[in-house]
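Note that the coordinates shown come from a computational prediction; the quantities given were computed from them, not determined experimentally. Order of listing sets the numbers, starting from 1, for every ligand and every atom in it.
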Amino acid sequence: MQLIIKRLLLLVFIALNLSSSLASAQGKLSAEPPHWWVGMAHEQVELLVYSNDVPYPLGEFNVSLSADRVKIENVITLDNPHYIILNLFIFPDASSQTIEITFSHASGETLSMPYTLSARAPGSADRAGFTAKDVIYLIAPDRFANGDTTNDNNETMLEKVDRNYKGGRHGGDIQGMIDHLDYISQMGFTQVWTMPLLENDMQKYSYHGYSTTDFFEIDPRFGSNALYREFVEIAQSNGIGVIKDVILNHMGSNHPWMKDMPSSDWINHGTTFKGTTHTRESLHDPHSVQADIDEFAKGWFVPTMPDMNQQHPHLAQYLIQYAIWWIEYAGLSGLRVDTYSYSDKQFLSNWTQALIREYPNLTIVGEEWSVNPAITAYWQADSPRYDDYVSSLPSVMDFPLQVALSQALLEEDTWATGIRKIYDTLASDFLYGDPYKLVVFGDNHDMNRIMPQMNNDESLFMMAMKFLLTTRGIPQIFYGTEIGMSDQGDGDHGILRADFPGGWPGDVVNGFTGAELSEREKRIQKQLKFLLNWRKNTPAITDGKLTHYFPKDGIYVYFRHHEQQRIMVVLNKNKSKQSLDLARFKEMLPLEQPSIELVNIENNSRFTISQDLSIPAQSVMIFEVK
Ligand code: CA
């Protein structure tokens, strides 16, 4: 009996010792991505393994694996001994499992790291991206709604909440977006693009999220990885896809890499700030020199955003896997890529190809802030090019059309200025692989809102919005624009990203419920809600071709048409009512059938095509040809 008790005690002692030594060993090693999946198109995953708590360089350890249908392809050392790269080959028939990776050193030191390979969600590879059937709602999460005041401050994060400071954190979060998904859905939006939500542990301006300090963790002041995934699930059950804002070009200067860099060439210019010239033109300029290209692509965006060197093959692979990880983990419908062309050009080719290979129908839209369509078009897949560059990028942001729209509505009409700016820009669509996949917008989080762009004139504002919702492409609307939110027009980011009314406990004005909104705000919201929901069920807009006529006398006419439906849009910029002779539009209107009518989609008023059309001053009228 005594012997049995002794043996039992010994077993307990061994078990306790084993578990404590394993636990400490596990705590010493970390890997990114933190877990992965079986059954991916890419059969390999490259782990960036890190430890600063081991007395020997990680490269001195012998790495072995206890796993079923998974093998170590190779182990690569970096010039920092705290890191190694571990390539796992996952056989196509491997099952989901947690594998045990063992690191053994000649000294006898042994470390163990579990690593989980999960099963994929059904249909994951074939997920649908966003298309012209969608309208995207762009949200600045810190400024939209504070659904959880308990997370406003986090003791481990540097910046604390300060709603009185325009550049500070105001407390908005993922829960706030979850709480208002019904509003977003009822308004008629079918996609949400959120500004970045990953950890941004910066001293200031952390609210905007573009200074990543952890590529695999949601910032605790926004919520958690699990809550983000829940947000996507609930959004999908409301018919809304979620687009993640991805930054490949830079990270935050407080990212742990800046203190312990995997490799000396991980960041361009090391730890010293050297700014980019922002001259994206140098990439395409036939008279360019390499030094100019390097100054653009390798310079830092700002001093707090070190520029990542995507020419480093393992950083490149890290950024491919980071994007795939979030798509797969959270169930995303697409990505918006920040500062697209600032990353290495060949890397962007490889990155887009890798993502499209994994998700053939995923939509990725690149931000290339150029007003020259020759430059924006260069990055889209299938665009005709002057060189043999390969891009698999499905979409780009249509910055040329954004500025053209603003100029078109504000400038005096002459032969060369005013409304024809829209025409001229759309006439350049031959430059694009697919102009119908471009994301079109009047404003975003980096520029004055469309309302102040239009001098706070409601008529001009509504003309801009109606144009955006009926021209070719995928419309994107900045949160608050649906109630005509304005700003000071000086481009101050903290101001144009103002808090959405009703998003904070105690708000008197409430854009979600309509309480205390002005008559003008209610009118704008009601009109946009109607147009967004009308657009959803209007195949001529979501699937149809665009045909337009050169603007004459301040009037721009275009048609959206496909087999079952024809929509005519008339934009009258004149400050007086106009009468329009329809004879000019005989290619698009069946003028030989005088009983055909133009039905105004907003009020059902009808006009026969045999008579001249009367168009109110400064307005856009939308007709279905019936
Ligand atoms: Ca909060």
Side-chain angles (χ1 to χ4, degrees), residues 137-185 187 189 192-235 238 240 242-245 247 252 254 326 329-330 332 445 478-480 482-483 485 487 492-513 515-516:
Y137 193 48
L138 165 58
I139 296 178
D142 181 62
R143 306 299 173 86
F144 184 61
N146 190 353
D148 180 1
T149 54
T150 67
N151 65 13
D152 290 1
N153 292 307
N154 184 289
E155 60 185 23
T156 67
M157 296 286 118
L158 293 169
E159 193 178 10
K160 307 303 176 193
V161 74
D162 182 1
R163 203 179 165 201
N164 296 318
Y165 175 45
K166 65 183 179 179
R169 298 192 77 94
H170 291 190
D173 48 35
I174 294 170
Q175 188 59 49
M177 296 193 288
I178 292 174
D179 292 345
H180 298 293
L181 280 167
D182 55 346
Y183 165 79
I184 297 168
S185 164
M187 275 301 299
F189 295 103
V192 166
W193 154 29
T194 71
M195 281 166 63
L197 293 160
L198 293 181
E199 185 198 278
N200 268 244
D201 192 14
M202 303 296 290
Q203 281 85 351
K204 48 184 184 174
Y205 303 118
S206 67
Y207 79 95
H208 60 58
Y210 288 99
S211 308
T212 314
T213 55
D214 189 325
F215 285 99
F216 290 94
E217 284 290 334
I218 294 287
D219 194 292
R221 294 160 294 186
F222 286 136
S224 64
N225 286 10
L227 190 66
Y228 181 61
R229 186 152 71 170
E230 195 181 321
F231 162 60
V232 178
E233 278 174 14
I234 301 171
N238 280 279
I240 295 168
V242 174
I243 302 164
K244 182 178 174 61
D245 205 325
I247 310 138
N254 283 352
W326 279 105
Y329 172 77
L332 305 171
H445 57 309
F478 191 32
Y479 79 99
E482 79 274 21
I483 54 169
M485 268 169 73
D487 56 54
D492 187 294
H493 283 179
I495 298 289
L496 63 91
R497 301 163 185 168
D499 298 349
F500 189 85
W504 274 253
D507 281 2
V508 176
V509 181
N510 191 320
F512 301 117
T513 63
E516 301 298 324

**Study point:** Lys160 atom NZ, neighbour heavy-atom count above 12 within 6.0 Å
**Key:** yes
Review point. Within the side chain of Asn225, is there an N or O that forms a donor-acceptor pair under 3.5 Å with the backbone of Phe216?
Key: yes
Study note, to complete from the structure: Arg143 meets the salt bridge (charged side-chain N to carboxylate O under 4.0 Å, His left out) criterion, sequence neighbours left out, with none
Exercise for review: Identify which one of Asp499, Asp142, Asp152 satisfies the side chain to side chain donor-acceptor pair (under 3.5 Å) criterion when paired with His170.
Suggested key: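 Among the candidates, only Asp499 passes.
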Point to revise | Working for ring-ring contact (aromatic ring centres under 6.0 Å, His included), residues Phe189 and Tyr183 | key: CA-CA 9 Å; Phe189 295 103; Tyr183 165 79; 7.8 Å; no
Check your understanding: What protein N, O or S atoms come within a distance below 3.0 Å of the Ca ion (ligand 1), ordered by chain and number?
Key -> Asn146 OD1, Asp148 O, Asn151 OD1, Asp152 OD1, Gly171 O, Asp173 OD2
Exercise for review: Start with the C-alpha gap between Tyr210 and His445, add the side-chain angles, then the distance that decides, and say whether ring-ring contact (aromatic ring centres under 6.0 Å, His included) holds.
Suggested key: CA-CA 12 Å; Tyr210 288 99; His445 57 309; 5.8 Å; yes
